[in-house]
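Remarks on the structure that follows.
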There are 2 protein chains.
Amino acid sequence: MGDDTRLNPRHNKAEVFARLRDAHAREVTEDYVEMIGDLIAEEGEARSVALAERFGVTAATVNNTIKRLERDGYVTSRPYRSIFLTEKGETLAKKCRERHQIVYNYLVSIGVEPEVAEFDAEGIEHHVSEETLRVFELRLLS
Amino acid sequence: MGDDTRLNPRHNKAEVFARLRDAHAREVTEDYVEMIGDLIAEEGEARSVALAERFGVTAATVNNTIKRLERDGYVTSRPYRSIFLTEKGETLAKKCRERHQIVYNYLVSIGVEPEVAEFDAEGIEHHVSEETLRVFELRLLS
DNA sequence: TTTTAAAGTTAGTCAAGGCTAAATTGCTAT
DNA sequence: ATAGCAATTTAGCCTTGACTAACTTTAAAA
């Protein structure tokens, strides 16, 4: 007795917050692979300086993050050269781009100003489950 | 010439990401004041052990966070005693609770499973602008 | 009243994600 | 060919948010 958790399942939030912390850890990775993909598509290559400018951080910060991404197998890079996505990075970038687009389109479709939708989508996209994403898609089509 | 940013305003994402980083910094604070408010409402007081259990972190982590919240004026606490919200903390907690409820209700209203909505709302609530929140409310009423 | 378990605190460690300052490399124009 | 600037890297620092292990305080049971 006295196990509040079992008596009142409403309090079993620990798992939710654990998954939330995981999502957090992935956010920067996702933003980077997405942006690297955009840069390659738009400008032919992804340079540190462009990433720094677009994220509004210093070159040193970009460097650290790229090292981590490389360590985790999302990108390859050689000193003083531009950055490339691995298969793994490409796959993640594609998924993120799609997710972002669905969230953005959905927000606009319900009446959110495009500029606001762009900002909100950037934050929301990392926290939308596959299930909710499907609902967004479904409602977008109808 | 050559100022990509001015030529192509689509690339002016730095501000978006800066605001995103700010939102991040506030997330834990918001989750804590919200949870502390819940605990006081449900159990009469907010103890570290309950926070640790609900967030799924150790007591030491709770301790650190509470110190920061106290430093920032959201809570008061005395050693080995329970935690109280300040006016500032209470105000933030109320705002967060409302926001959470709107996001949750909206997700459920468009067909997301309650359990999934609960999880997604927890992540999304910190990234929804006032504007988008108003759209959610409006669509909830109609 | 004393013992003991639960709760809370402290100290020390780690990774992520920021920063500045300084060193190095690469490229381009003279 | 090289000087100089832009880009990149390195080093060192900070905060947040997590952990474990060890210690202290509180409160309840024996």
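Predicted, not measured: the structure shown is a model, and the values here were computed from it. Letters go in sequence order (proteins before strands), and every chain restarts at 1.
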Of all the nucleotides listed ([options]), which has the minimum atom distance to the side chain of [X]?
{"X": "A:T58", "options": "D:dA18, C:dT20, D:dT9", "value": "C:dT20"}
{"X": "A:A59", "options": "D:dT8, C:dC19, D:dA18", "value": "D:dT8"}
{"X": "B:R71", "options": "D:dT16, D:dT8, C:dA16", "value": "D:dT16"}

I need the [atom1]-[atom2] distance between [X] and [N], as an integer number of Å.
{"X": "B:F17", "N": "C:dC19", "atom1": "CZ", "atom2": "P", "result": "14 Å"}
{"X": "B:F55", "N": "D:dA18", "atom1": "CZ", "atom2": "C1'", "result": "14 Å"}
{"X": "B:L51", "N": "C:dA6", "atom1": "CG", "atom2": "P", "result": "19 Å"}
{"X": "A:I83", "N": "D:dA7", "atom1": "CD1", "atom2": "P", "result": "13 Å"}
{"X": "B:R78", "N": "D:dT26", "atom1": "CZ", "atom2": "C1'", "result": "13 Å"}
{"X": "B:D22", "N": "C:dG18", "atom1": "CG", "atom2": "P", "result": "11 Å"}
{"X": "A:L39", "N": "D:dA7", "atom1": "CG", "atom2": "P", "result": "14 Å"}
{"X": "A:L69", "N": "C:dA15", "atom1": "CG", "atom2": "P", "result": "17 Å"}

So which one's nearest nucleotide on DNA chain C is more toward 5', B:N64 or B:V49? B:V49
Distance below 4.0 Å between B:N63 side-chain N/O and C:dG8 OP1 or OP2: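 Negative; the distance criterion is not met.
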Give a yes/no answer on whether the side chain of B:K67 brings an N or O atom under 4.0 Å of OP1 or OP2 in C:dT10. yes
Kindly say whether the aromatic ring centers of B:Y32 and B:Y74 come within a distance under 6.0 Å.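 Not under 6.0 Å, so no.
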Ring centroid separation for A:H24 and B:H24, is it under 6.0 angstrom? yes
Under the side chain to side chain contact (heavy atoms under 4.5 Å, CB included) test, residues paired with B:L20 that sit two or more places apart: A:D31, A:E122, B:F17, B:H127
Nucleotide by nucleotide, nucleotides 21-29 of chain C touches protein heavy atoms under 4.0 Å in the pattern (B base, S sugar-phosphate only, - none) ---BSS---
Under the side-chain hydrogen bond (donor to acceptor under 3.5 Å, both in side chains) test, which residues partner A:T65, sequence neighbours left out? none
With sequence neighbours excluded, give me every side chain to side chain donor-acceptor pair (under 3.5 Å) pair touching residues 110-120 of chain A.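 Matches after skipping sequence neighbours: A:H100-A:E118, A:D120-B:S129, A:D120-B:T132.
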Enumerate the residue pairs fulfilling side chain to side chain donor-acceptor pair (under 3.5 Å) with a member in residues 79-90 of chain A, sequence neighbours excluded, ordered by first and then second residue.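 Applying side chain to side chain donor-acceptor pair (under 3.5 Å) to every pair that reaches into residues 79-90 of chain A, excluding sequence neighbours, yields A:E45-A:S82.
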Have a look at B:V28 and say if it touches a base, only the backbone sugar-phosphate, or nothing, with a 4.0 Å heavy-atom cut-off.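 The answer is sugar-phosphate, as B:V28 gets under 4.0 Å only of primed atoms, P, OP1 or OP2.
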For a quick check of understanding: with a heavy-atom distance under 4.0 Å over all strands, which category does B:T61 fall into, base, sugar-phosphate or nothing?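 Answer is base: heavy atoms of B:T61 come under 4.0 Å of a base.
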Applying salt bridge (Lys or Arg N to Asp or Glu O under 4.0 Å), can you list everything that pairs with B:E70, at least two apart in sequence or on another chain? none
